[in-house]
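Lettering of chains follows the sequences in order, A, B, ..., and the numbering in each one begins at 1.
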Amino acid sequence: MYDHVKGFRDFYAPEMAARRETIDTVESVARGYGFREVGTPALESAQMYADKSGEEILEELYVFEDKGGRKVALTPELTPTVARMVVAKQQALAKPIKWFSTRPFWRYEQVQQGRFREFYQTNIDIFGSSEPTADAEVLAVAADALTGLGLEPTDFEFRVSHRDILGGLLAAFDGEIDQQAAIRAVDKREKIERDSYADLLTTAGLSPAQVDRFDDLLTTPADRLTELVSFAGTDRVAAAVGNLQAVLDAAADLGVREYCSLSLTTARGLDYYTGVVFECFDATGDVSRSVFGGGRYDDLIEGFGGQPTPAVGVAPGYATLALLCQRAGVWPAEELATDYYVLQVGETRETAARIARDLRGRGHVVESDVSGRSFGAQLDYADSINAETVVIVGERDLADGEVTLKQMSSGDQQQVPVEAFPGDHDRPTVDDFD
RNA sequence: UCCGGGCUGGGGUAAUGGUAUCCUUUGGGCCUGUGGCGCCCAAGACGCGGGUUCGAUUCCCGCGCCCGGACCCA
């Protein structure tokens with residue numbers, strides 16, 4: 001017996017069925033918006049991540065040298081890969097480029113609730129539009145995916161913030177301020193004591209008075225955002241506030257404004273984001289960590305050597321999404337589903353096979369005996385795979401030209417002429433032959 | 001990397017310094033026709049390594065994996 005590698009998981013059939021259903025829902029929503037599936041490699045040059053995020057990032061990656069001496073890394077995220085793909089075919093691709101991809105990613109991290117070393121995400125990105133409508137469409141596809149999973153407006157919220165509002169406000173204060181440190185402090189605001197929070201901001205270069213003022217500004221409600229503009233008095237903040245409002249307006253038109261709340265203290269991972277950023281949270285707070293996030297990153301493509309190309313995206317991860325769905329009671333049942341089991345008694349394989357083939361032709365999941373089992377053992381097995389209907393094909397009935405349908409939930413049975421089965425019925429059940 | 005809690009057949013458990021309980025499960029049989037129930041037979045565990053001991057599943061150490069948290073979260 002071998003243990004699996006820490007942070008890597010096996011998904012057995014019942015659990016995988018629920019995951020598949022969830023992934024299918026998210027992907028079909030993305031398809032409905034015209035996002036196209038792309039396929040991407042599991043390995044990239046390690047240097048690509050070092051260039052984008054700094055050499056330290058390599059500590060958190062699975063990095064190794066391949067037999068050709070290339071320094072490679074298992075992909076920890078999709079964004080650099082799709083950025084590389086956009087740059088490579090920039091002239092050939094019609095804008096906007098709308099791509100999605102569901103895949104595993106790997107990070108050498110500490111395992112905890114909702115976090116593993118191998119994890120699955122669906123990345124959804126738009127390249128080539130700087131319009132607020134594009135930001136809003138990303139919010140909309142995410143919201144539709146969640147409601148498509150059965151989540152209600154009361155189950156989740158998108159906390160929407162804006163990179164440039166935070167940066168612009170900090171820039172408007174007098175003094176030498178470490179913006180990165182200040183933003184990191186903001187990100188911790190909900191998690192730590194007020195005093196430690198103030199200390200962090202002070203360390204970042206704000207005076208005690210500025211700390212209070214800054215914090216007041218961060219909690220400005222959505223209908224008074226113009227106060228931020230008048231405080232800063234800069235074009236940068238004016239533009240950022242205008243952009244955020246435009247995105248929220250567009251979200252309203254797309255029917256997803258109700259899922260969005262303004263939250264300037266949401267500041268996670270701002271380093272490559274340039275505009276609107278958002279994170280999805282469990283509205284009840286039972287799932288304590290962020291479910292997933294997204295935002296606008298207009299500088300990345302140019303940073304990868306391409307033409308300046310605006311971009312915005314979101315990446316739902318299935319570890320945390322499962323936690324949210326389970327909390328809300330909408331996680332799909334982790335069980336096998338079988339439409340028909342065709343039970344054979346005696347030498348009836350030919351007829352049983354014909355019936356099974358006809359039912360499969362109608363798109364059903366159909367199993368039949370492949371183990372030479374007894375009647376009782378076959379019925380037991382049919383029960384174990386949650387067969388809805390058992391078609392008993394036995395020599396004795398067949399001599400009378402009949403088969404027996406058995407509905408497993410009720411135990412009801414019905415004799416049916418073999419040549420009439422499945423007949424014209426799409427999904428024949430006991431009731432169809434009363 | 002750090003902190004806390006765990007690890008007994010496939011799953012859930014019991015007891016224990018002298019090799020392990022019960023339920024469930026799995027395979028087979030009664031059983032080619034009402035049988036998904038029942039009965040019978042069988043299979044299957046102390047995470048790994050080391051130490052202490054006459055003897056370790058039990059006590060000690062290290063490691064692995066799991067659960068939760070800190071840090072981090074591109």
Integer-rounded Å distance: [N] [atom2] and [X] [atom1]:
X         : N      : atom1 : atom2 : result
Leu379(A) : U32(B) : CG    : P     : 15 Å
Glu118(A) : C66(B) : CD    : P     : 12 Å
Glu15(A)  : G11(B) : CD    : P     : 15 Å
Glu60(A)  : C72(B) : CD    : P     : 10 Å

If the cut-off is 4.0 Å, is [X] near the phosphate of [N], judged by side-chain N/O to OP1 or OP2?
X         : N      : answer
Arg115(A) : G68(B) : no
Arg289(A) : G69(B) : yes
Gln413(A) : U34(B) : no
Gln112(A) : G68(B) : no
Gln378(A) : G35(B) : no
Lys188(A) : C72(B) : yes
Lys191(A) : C71(B) : yes

Using a heavy-atom cut-off of under 4.0 Å over every strand shown, decide if [X] touches base, sugar-phosphate, or nothing.
X         : value
Glu109(A) : base
Thr348(A) : nothing
Leu398(A) : nothing
Lys406(A) : base
Arg9(A)   : nothing

When the [atom1] atoms of [N] and [M] are considered, how many whole Å apart are they?
N      : M      : atom1 : answer
C61(B) : U52(B) : P     : 15 Å
C3(B)  : G47(B) : P     : 23 Å
C67(B) : G62(B) : P     : 22 Å
G55(B) : G69(B) : P     : 43 Å
A45(B) : C60(B) : C1'   : 23 Å
C37(B) : A43(B) : C1'   : 23 Å
C30(B) : A56(B) : C1'   : 44 Å
C63(B) : C72(B) : P     : 25 Å

Exercise. In terms of the angle between their ring planes, are Phe214(A) and Phe173(A) parallel, tilted or perpendicular, with boundaries placed at 30° and 60°?
Worked result: perpendicular
Problem set entry | Ring geometry between Phe158(A) and Tyr259(A) (parallel below 30°, tilted from 30 to 60°, perpendicular above 60°) |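 Geometry flag for Phe158(A) against Tyr259(A): tilted rings.
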Go ahead and name the base partner of [N]; Watson-Crick or wobble counts if both distances stay under 3.5 Å, otherwise write none.
N      : result
C2(B)  : G69(B)
A43(B) : U25(B)
G33(B) : none
C7(B)  : G64(B)

Exercise. Would you say the side chain of Asp380(A) and the base of G36(B) hold a donor-acceptor pair, judged only by whether the two atoms sit under 3.5 Å apart?
Worked result: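 Side chain to base: no pair below 3.5 Å.
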Exercise. How about Gln90(A) and Gln307(A): does a side-chain donor come under 3.5 Å of a side-chain acceptor?
Worked result: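 Side-chain D/A pair, Gln90(A) to Gln307(A): absent.
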Problem set entry | Thr389(A) versus Gln407(A), side-chain donor and acceptor atoms under 3.5 Å | no
Exercise. If you draw the axis of the six-membered ring of Tyr108(A), does the NZ or CZ of Arg117(A) fall within 45° of it and under 6.0 Å from the ring centre?
Worked result: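 Yes; both conditions hold, so Arg117(A) lies above the ring face of Tyr108(A).
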Exercise. Cation-pi between Arg107(A) and Phe119(A): NZ/CZ under 6.0 Å from ring centre and within 45° of the ring axis?
Worked result: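 Pair Arg107(A)/Phe119(A) does not count as cation-pi.
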For this session: Just label G35(B) as syn or anti from its O4'-C1'-N9-C4 or O4'-C1'-N1-C2 angle, using within 90° of 0 for syn.
Result: syn
Exercise. Taking syn as any angle within 90 degrees of 0 and anti as the rest, which one fits U16(B)?
Worked result: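 Because its glycosidic torsion lies more than 90° from 0, U16(B) adopts the anti conformation.
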Exercise. Can the ring centres of Tyr318(A) and Tyr120(A) be said to be less than 6.0 Å apart?
Worked result: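 No, ring centres 6.0 Å or more apart.
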For this session: Please tell me which of the listed nucleotides, G69(B), G33(B), C72(B), lies nearest to the side chain of Ser288(A)?
Result: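 When the side chain of Ser288(A) is considered, G69(B) is the closest of G69(B), G33(B), C72(B).
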